[in-house]
Amino acid sequence: MDFRAYWNAHQEEFRDLIRIPSVFDETSVCEETPYGTQVDNALQFMKQKCEQAGFDTKVWNHDVLTASIGTGTRIDIVSHLDVVPPGSGWHTDPFDPQIRDGWIYGRGSQDMKSGAWLVFLALCILQEEGIPLHHEYRLVYGSDEERTMEPMREYVRDAGYPEFSFTPDGCFPLVIGEKGALTWHVEMKAHPGNILDLKGGSQENVIPEDAECLVKGTDEETVRNYMHEHGMNGTAVMEGSAVHIRVKGKSGHASDPDAGHNAIIDLLAILKDVLKNEDAGKLFDAFHDPYGYGMHMDCEKKPLGKLTINLGTLELRDGKWIMECDCRYPDCIDAETLTDRLQAVFPAADITLPFCTEPTLIEEDDPWLKPFEEAYEECVHKPCRHLVSGGVSYTKIMKRCVNFGAMPEACESLAHQADEKVCIDWCIQALEIYVKLLGKMNQMSC
């Protein structure tokens, strides 16, 4: 089959999907649109496309779309249509996808609208080729993966678990395990001293690229000198008798500390060292190391690797420090122990866990891994290695689930970053792999 021609015939529809700014929007939340109008628009867009392709569709609880073909043992192919906020630093409109040098730019192009679109196209090809299907292949599209995953939890409570599932929400070859993940919401009484105002970050699972504060007790030149000496990117401007400090970092996915640079940590360093602020010093000491050394959380176990931690948001509000933190951890420690260690560092803090999932790991000899391995090796002509990830995908919800594509091995991850983009050649190769995979899964007996 000419996969390039098939992709080209549907490329503009993919760009239409990226054009929908499907970010959670609290202002438009209601019973019919529980995660906001634009997230629902993305769900309705895919519903229309699936119906046009002849799939059986259903919307569960206003927030999960399923689209099925075939009958028999159920195989779920699970994706999400929501995206993180675009942030700053883009060279093009993040929701007006441009094509340049073989790349499509736009928020969600990697995470994960390309994967969501490619598995749809792969099932369309099976449908159009008239291949007899021995399983029920069910596309499942969720609405709030980037924050809580609650819609998918409700879906499996209502629909039950499939025989096997996969999500195209990572990279090839084959991700068989993910670290545990949790979010801490922390509130504690502030003793701000010379800090008049402070705010940084956008959400817990994004390395913050911006942080700013208004302070007294220093001058702009002293702050600028400190930033220059420590290689920081930012500004310091006098506003009356106070200094407005703004620090610029680099956004990235919270699970990969090397992918970004935390602006909040830089700002806390300034406040600790220049202003000798006690609160800032405690926060810096706790969170400056992304592997948890500052709170005795550091740990590592193969194959899942090291624990990571990200101070994603921090705000001084109503006399309190309010923050959101992200932590990814291997299977040698648990959420309760980690929370106890955070509480020991900040004994007076009110700490809650709005999100918490345990590590996952599929057995290496699971027979359902074989079609994934064969499809990848036949298309790419490389061994299909088994990988583990610090990311959080729907494998956390679906029990017997792997992460397969859609990005190539060792590609630069631009998830949650400015100028997110996907290579058209990658998409074409992934489409071939998914069609090959579905054909091989079709030969599996349960």
>> Can you tell me if Lys248 has over 12 outside heavy atoms packed within less than 6.0 Å of its NZ?
In response: yes

>> On the six-membered ring of Tyr291, is Lys306 placed so that its NZ or CZ lies under 6.0 angstrom from the centre and within 45° of the ring axis?
In response: yes

>> Out of the candidates Met297, Arg328, Lys301, Glu300, only one should pair with Leu307 under the side chain to side chain contact (heavy atoms under 4.5 Å, CB included) rule; please name it.
In response: Met297

> After noting the C-alpha distance and the side-chain angles of Val422 and Phe14, does the key distance pass the side-chain contact (heavy atoms from CB on, under 4.5 Å) rule?
Replying inline: CA-CA 11 Å; Val422 65; Phe14 170 57; 4.2 Å; yes

> Between Lys58 and Ser68, is any side-chain donor less than 3.5 angstrom from a side-chain acceptor?
Replying inline: no

>> Less than 3.5 Å apart, any donor N or O on the side chain of Thr337 or Asp340 sitting next to an acceptor on the other?
In response: no

> Distance from Leu182 atom CG to Leu338 atom CG, nearest 0.5 Å?
Replying inline: 6.0 Å

> Above 12 or not: heavy atoms from other molecules or residues under 6.0 Å from CD of Glu374?
Replying inline: yes

> Are more than 12 heavy atoms from other residues, nucleotides or ligands located less than 6.0 Å from atom CD of Gln52?
Replying inline: yes

> Is Glu373 salt-bridged to Lys370, cutoff N-O under 4.0 Å?
Replying inline: no

> In this structure, which one of Ile362, Thr360, Val175 forms a side chain to side chain contact (heavy atoms under 4.5 Å, CB included) with Val402?
Replying inline: Ile362

>> With a 3.5 Å distance limit and no angle check, can you tell me whether Tyr141 reaches the backbone of Ala116 through a side-chain donor-acceptor pair?
In response: yes

>> Just so I know, are the side chains of His185 and Ile351 near enough to count as touching, which here means a heavy-atom distance under 4.5 Å?
In response: no

> Strictly by modelled atom types, are Glu163 and Thr73 linked by a side-chain donor-acceptor pair under 3.5 Å?
Replying inline: no

>> Side chains of Glu32 and His62 only: does a donor on one sit below 3.5 Å from an acceptor on the other?
In response: no

> Cut-off 3.5 Å, side chains only: do Trp184 and Thr352 have a donor facing an acceptor?
Replying inline: no

>> Can you tell whether the side chains of Glu212 and Lys199 come within less than 4.0 Å, N to carboxylate O?
In response: no

> Any side-chain donor-acceptor pair under 3.5 Å between Asp158 and Trp60?
Replying inline: no

>> Phe372 vs Lys440, test: side-chain contact (heavy atoms from CB on, under 4.5 Å). Steps then yes/no.
In response: CA-CA 8 Å; Phe372 292 87; Lys440 291 182 176 295; over 6 Å; no

>> Using side-chain heavy atoms (C-beta onward) and a distance below 4.5 Å, is Met149 in contact with Val392?
In response: yes

> More than 12 heavy atoms of other residues, nucleotides or ligands under 6.0 Å from CD of Glu363: is that the case?
Replying inline: no

> For the residue pair Tyr6 and His10, is the inter-centroid distance of their aromatic rings smaller than 6.0 Å?
Replying inline: yes

>> Between Phe166 and Trp368, does the ring-ring contact (aromatic ring centres under 6.0 Å, His included) criterion hold? Intermediate values first, please.
In response: CA-CA 10 Å; Phe166 76 93; Trp368 278 101; over 10 Å; no

>> Between Asp40 and Gln38, does the side chain to side chain donor-acceptor pair (under 3.5 Å) criterion hold? Intermediate values first, please.
In response: CA-CA 5 Å; Asp40 185 68; Gln38 295 292 359; over 6 Å; no

>> Does the structure place the NZ or CZ of Arg400 under 6.0 Å from the centre of the six-membered ring of Tyr161, at an angle of no more than 45° from the ring's axis?
In response: no

>> Any salt bridge linking Glu315 with Lys320? Criterion: basic side-chain nitrogen under 4.0 Å from a carboxylate oxygen.
In response: no

> Would you find a donor on one side and an acceptor on the other, under 3.5 Å apart, between the side chain of Arg74 and the backbone of Gly160?
Replying inline: yes

> Where the side chain of Asn8 meets the backbone of Arg4, is there a donor-acceptor pair that is under 3.5 Å apart?
Replying inline: yes

>> Is it true that Asn205 and Gln203 share a donor-acceptor pair across their side chains at a distance under 3.5 Å?
In response: yes

> Can you find a pair of side-chain heavy atoms, one from Lys250 and one from Gln417, that are under 4.5 Å apart?
Replying inline: yes

>> Regarding Glu178 and Ser393, do their side chains bring together a donor and an acceptor under 3.5 Å, going by distance alone?
In response: yes

> How long is the span from the SG atom in Cys325 to the CG atom in Asn310, to the nearest 0.5 Å?
Replying inline: 8.0 Å

> Do Ser143 and His80 have side chains that get closer than 4.5 Å, going by heavy atoms?
Replying inline: no

> Between the main-chain N or O of Asp144 and the side-chain N or O of Asp63, is there a donor-acceptor pair closer than 3.5 Å?
Replying inline: no

>> Regarding His230 and Asp266, do their side chains bring together a donor and an acceptor under 3.5 Å, going by distance alone?
In response: no

> Is Tyr376 close to Leu174 at the side-chain level, that is, under 4.5 Å between some pair of heavy atoms?
Replying inline: no

>> Donor-acceptor pair, distance only, cut-off 3.5 Å: does the side chain of Glu145 make one with the backbone of Leu81?
In response: no

>> Measuring only between side-chain heavy atoms, which start at C-beta, is Cys171 closer than 4.5 Å to Leu387?
In response: yes

> Heavy-atom distance under 4.5 Å between the side chains of Lys421 and Leu414, does that happen here?
Replying inline: yes

>> For Glu26, I'd like to know if atom CD has over 12 heavy atoms of other residues, nucleotides or ligands within 6.0 Å.
In response: no

>> Working to the nearest 0.5 angstrom, can you tell me the gap between Leu267 CG and Asp210 CG?
In response: 11.0 Å

> Could Lys282 and Asp285 be called an ion pair, given the rule that one side-chain N must be under 4.0 Å from one carboxylate O?
Replying inline: no

> Charged N to carboxylate O below 4.0 Å: is that the case for Glu432 and Lys436?
Replying inline: no

> On the ring face of Phe95, is Arg107 found with NZ or CZ under 6.0 Å from the centre and within 45° of the axis?
Replying inline: no

> Which value, rounded to the nearest 0.5 Å, describes the distance between Ser255 atom OG and Asp326 atom CG?
Replying inline: 7.5 Å

> Backbone N or O of Gly106 within a donor-acceptor pair of the Gln110 side chain at under 3.5 Å?
Replying inline: no

> Name the one of Leu437, Ile77, Val78 that satisfies side chain to side chain contact (heavy atoms under 4.5 Å, CB included) with Val119?
Replying inline: Ile77

> Does Asp82 reach the main-chain N or O of Glu146 with its side chain, forming a donor-acceptor pair under 3.5 Å?
Replying inline: yes

> Would you find a donor on one side and an acceptor on the other, under 3.5 Å apart, between the side chain of Glu377 and the backbone of Val380?
Replying inline: no

>> Salt bridge check, Arg317 against Glu187: does any charged N sit closer than 4.0 Å to a carboxylate O?
In response: no

> Got Leu139 and Thr66 here, is their nearest side-chain heavy-atom distance under 4.5 Å?
Replying inline: no

>> Donor-acceptor pair, distance only, cut-off 3.5 Å: does the side chain of Thr339 make one with the backbone of Ala335?
In response: yes

>> Any side-chain to backbone donor/acceptor pair from Ser389 onto Gly391? Under 3.5 Å, distance only.
In response: yes

> Will you find, in the side chains of Glu209 and Ser88, an N or O donor that is under 3.5 Å from an N or O acceptor?
Replying inline: yes

> Do you see a donor-acceptor pair shorter than 3.5 Å between the side chains of Asn442 and His135?
Replying inline: no

> Is the His253 ring parallel, tilted or perpendicular to the His416 ring (thresholds 30°, 60°)?
Replying inline: parallel

> Would you say the side-chain atoms of Asp76 and Tyr155 include a donor-acceptor pair closer than 3.5 Å?
Replying inline: yes

> What distance separates Trp426 CH2 from Ile104 CD1, expressed to the nearest 0.5 Å?
Replying inline: 12.0 Å

